[in-house]
Amino acid sequence: MLEVYPLGYKNNGFLFSIAWGFTGVIILLLSLVCFKHTIKPLIIFFLLLSSFAGYFMDSYNTVIDDSMIDNILSTDIAESLDLLSLKLILYVTFLGVLPSYLVYKTKLSFGTRWQESIAKIKLFTFTLLSILAAVFIFSDFYSSFFREHKPLRYYANPSYYIFSTGKYIGGLFKQNALVFKTIGKDAYIAEEDNDRELIIFVVGETARADRFSLNGYKRETNPLLKKETLVSFTNFWSCGTSTAISVPCMFSKYTASKYEKSKALATENVLDILKRAGVNVLWLDNNSNSKGVADRVSYQSFRDAEINPICDTECRDVGMLVNLQAYIDEHKQGDILIVLHQMGQHGPAYYKRYPAEFEKFTPVCKTNQLEDCSKEELNNAYDNAILYTDYFLSKVIAFLKKNDAFEAAMFYVSDHGESLGENGLYLHGLPNFIAPDTQRHVPAVMWLGKNFDDMDIKSLLKKQNRKYSHDNVFHTLLGFMEVDTSVYDEKMDILQN
Ligand SMILES: [Zn+2]
């Protein structure tokens, strides 16, 4: 608020009225649900929850909208532990636990049901009138506040996260009400296509396009990939700013502008179509999960040391490749599509995302209190994690080279970018229309094996600066597999357009 309406003679009255009015809104909301037996538990519940929300909004400049609720609920315990910090404990203690204790200890007296009803009506009327008075007195300010500074409302704690939770739950009901839709029933692979395709599609995590030296970053962050003949698309954009949005979105036929989670999850995605056309589809996951995309194809999580052979402080992305040859050898017929979902640069604990030998840029930010680290330390930690992704992708290419009897190719694209302290923003997840480019401009890399003569790398190189997005992934995967279906749009296929 103070950034948009700085303290001073002109704004002070309005700022006071906002504090007054907002307090009134919270009283109105609570008075609807607070009664003799619910008042203490509810207030304690909201104090605790709001102290968490306050911490995340203050520390990372993020807002708790419905997709953030989705992120929080789909985050596993390991990722939550990454967010634990002293500052969080202080926030929750002083803004959550201590006030809750006071609420708990406060003695309340209640009148008869009749007296209580009268009191409630009085409270409600007085609060409503005082809100209206505040708005009326500063009506000029309020019209600009509601019309031109819409995002400010997203920072209202607790009302906005309550609203977002309602929106999220509404979405779940909508999703349940939708009938699951089969698409691309006519998908087939031409009989004369005798070559066997082996495509590895790597879904990256939290990588920024401008941090790849392939795209011109001044630091050498792609020392291994630069030795390969490949195409780095420099103008590639994500569907959303979070894993929960971008991952289902890129596999769905819906474009970013038409994408809704409920719709996408109630419709078959490109993996379903490929599977029906006879492609062997396998999803290996070293991230949280496939966000519903791989529900109907073979899936294995690599977060556990019992399955992933390469684990130190955490299980590494390269572990997904160790036993992959066996899968290829077992599947003697048909094309193969393997999706590798990376841990990548998942924040805020970037320093945990690579083994010690990749700590090339130092000193490194070794805390999840990102705002406590210098810009240099934060960038170093993040760039070291990019170095590790460079190594991982080079291993994927090496694996494909060993399988050169196939028409082999790798396609890598990150799910979204990241804010690293620019304008006080950290992490990701802002709604698209206020998200900075760093959260949506993602790296995308394509490597083609020697049997891909018909799609020569030179023609792809000519397109490397064209504007592409996650919208293209659905059609490009169909194109790679040479699957014909009515839902395939050649113009959206990066290989063909
Ligand atoms: Zn992500």
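Throughout, residue positions are numbered sequentially from 1 according to the sequence presented. The basis for the numbers below is simple: all heavy atoms, side chains too, and nothing from hydrogens, waters or symmetry mates. Just so you know, ligand 1 is whichever comes first in the structure, and atom 1 is the first atom listed for that ligand.
Ring centers of Phe201 and Phe411: under 6.0 Å apart, within the cut-off. Ring centers of Tyr155 and Tyr160: at least 6.0 Å apart, outside the cut-off. Ring centroid separation for the pair Trp237 and His470 does not come in under the 6.0 Å cut-off.
One of the N, O or S atoms belonging to Thr243 lies under 2.8 Å away from the Zn ion (ligand 1).
Considering just the N/O/S atoms of Glu205, the one nearest the Zn ion (ligand 1) carries the name OE2.
Listed by first and then second residue, the ring-ring contact (aromatic ring centres under 6.0 Å, His included) pairs that reach into residues 252-271 come to none, sequence neighbours excluded.
Annotation: angle subtended at the Zn ion (ligand 1) by Asp415 OD2 and His416 NE2 is 100°, to 10°.
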